[in-house]
There are 2 protein chains.
Amino acid sequence: MNVSTKSEYGLRALIYIARHSDVHPVSAREISAAWHVPVKYLEQILKTLKEAGIVESRVGLGGGYRLTRPASLITAGEVIRILDGRIAPFSCVSETEYVPCEFEIDCGLKTLWARTRQAILSVVDHTTIADLARPASESAAPSQPILLKKQIGR
Amino acid sequence: MNVSTKSEYGLRALIYIARHSDVHPVSAREISAAWHVPVKYLEQILKTLKEAGIVESRVGLGGGYRLTRPASLITAGEVIRILDGRIAPFSCVSETEYVPCEFEIDCGLKTLWARTRQAILSVVDHTTIADLARPASESAAPSQPILLKKQIGR
DNA sequence: TAAATTCCTAGTAAGGCAGTAGGAGATGAA
DNA sequence: TTCATCTCCTACTGCCTTACTAGGAATTTA
């Protein structure tokens, strides 16, 4: 159960762009300096994000990246899927990379993984870059209420 | 976002033991044959599970493994933690392996990861081996109702 | 004594992750 | 026109983890 640095850096980059690209596009170097991420690595991530249609870019002096859509229309789940691949904990319950398992008939685990996946999606697919870009003091509540009723310890 | 084969095999082994250890303990070879898992690999997993106090073992002919507790008192989350380590998607929100992050103050992501973690825990910490060991036809519903109100597509 | 079983340690092949490296080509400012 | 600043593109690399394999020692029962 892990999120890679790609998703972490990618989301941070998008947060930064959402916050700062009003006047001019934001360069990879600027984001890199702000979040302490290696520039060259970030370039690759932003390239992937560009190919996926999340950001657009302008080359040359004064160039950089901008979101193609309002930040409120980009979900964290979408970004994680682009950069990390499948979100489901197991491919036998993945929508995007489904691979059947020989034991599905009598495998209680499938149900477990399916529920886990739904639980994850209920969070990441309902949290947008706009939610994340809000100052932490406003507690980054998602725009749509998520489906957890209460927090559980541990 | 992935669950390793260790957790998968470990949970399957426990399910098998819960179902079949009434009369005599269950051997690794037996489980291995039932679930198509390499014996030697399974031995290692069961050893870890034994050290963690989930199963007890008996050496020699007719030996094998038994649960130390009723299956209804062993949660999937506990097993995954033992075999895979941290469940939280990022260590900045982990209870068991917390590592602070330099950007926590203004990092909307922390909230996202925290919510994701809670969502995962609300499933895996409320699903027991007893739930999983029930025949799939009974749909492996957890003993306590989980906190998702409805299923979401995608 | 033989067969079955857990226990213990070591090794290993492949793949993914997290970058580093080195430019080529575009663009705007001086 | 030159120069600094950008993105774009491809290749490479070191390290770690995963998913095993391998070989036996010790224990127990028939």
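Throughout, a chain's letter reflects where its sequence line sits, starting with A, and its residues are numbered from 1.
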From the list C/dT5, C/dA10, D/dC9, which nucleotide is the closest neighbour of the side chain of B/S27?
C/dT5
Can you find a donor-acceptor pair, distance only, under 3.5 Å between A/E30 side chain and D/dT5 base?
no
What is the distance from NZ of B/K40 to P of C/dT9, rounded to the nearest Å?
13 Å
Measure NE2/A/H36 against P/C/dA18 and give the value in whole Å, please.
19 Å
Could you tell me whether the phosphate oxygens of D/dC20, OP1 or OP2, come under 4.0 Å of any side-chain nitrogen or oxygen in B/Y9?
yes
Quick one: does A/S7's side chain have a donor or acceptor within less than 3.5 Å of a partner on A/S4's backbone?
no
Specify the separation, in whole Å, of atom CD1 of A/I45 and atom P of D/dT10.
18 Å
Starting at the 5' end of DNA chain C and moving along, which residue's nearest nucleotide shows up first, B/Q44 or B/V26?
B/V26
Atom OH of B/Y41 and atom C1' of C/dT9: how far apart are they, to the nearest Å?
17 Å
Please check if atom NZ in A/K110 has more than 12 non-hydrogen atoms from other residues, nucleotides or ligands closer than 6.0 Å.
yes
Lys/Arg N to Asp/Glu carboxylate O, B/R86 vs B/E95, below 4.0 Å
no
Starting from the 5' end of DNA chain D, give me the residue, A/E51 or B/L61, whose nearest nucleotide shows up first.
A/E51
Hey, are B/E43 and B/K47 close enough for a salt bridge, meaning a charged N less than 4.0 Å from a carboxylate O?
no
A/E43 CD to C/dT20 P, straight-line distance once rounded to whole Å:
12 Å
Below 4.0 angstrom from OP1 or OP2 of D/dC8, is there any side-chain N or O of A/S57?
yes
Nearest whole Å is fine: how far is D/dC6 C1' from A/L42 CG?
13 Å
Between C1' on D/dT7 and CG on A/L46, what's the gap in Å once rounded to a whole number?
10 Å
For the side chain of A/V59, counting heavy atoms from C-beta on, which of D/dC20, C/dG25, C/dT20 is nearest?
C/dG25
Phosphate-side-chain proximity, B/R29 and C/dT5, N/O vs OP1/OP2 below 4.0 Å:
yes
For B/E56 and D/dT27, give me the distance from atom CD to atom P, rounded to whole Å.
19 Å
Short N-O contact, A/D131 and A/R134, less than 4.0 angstrom
yes
Is B/K50 close enough to C/dT6 that one of its side-chain N or O atoms is under 4.0 Å from OP1 or OP2 there?
no
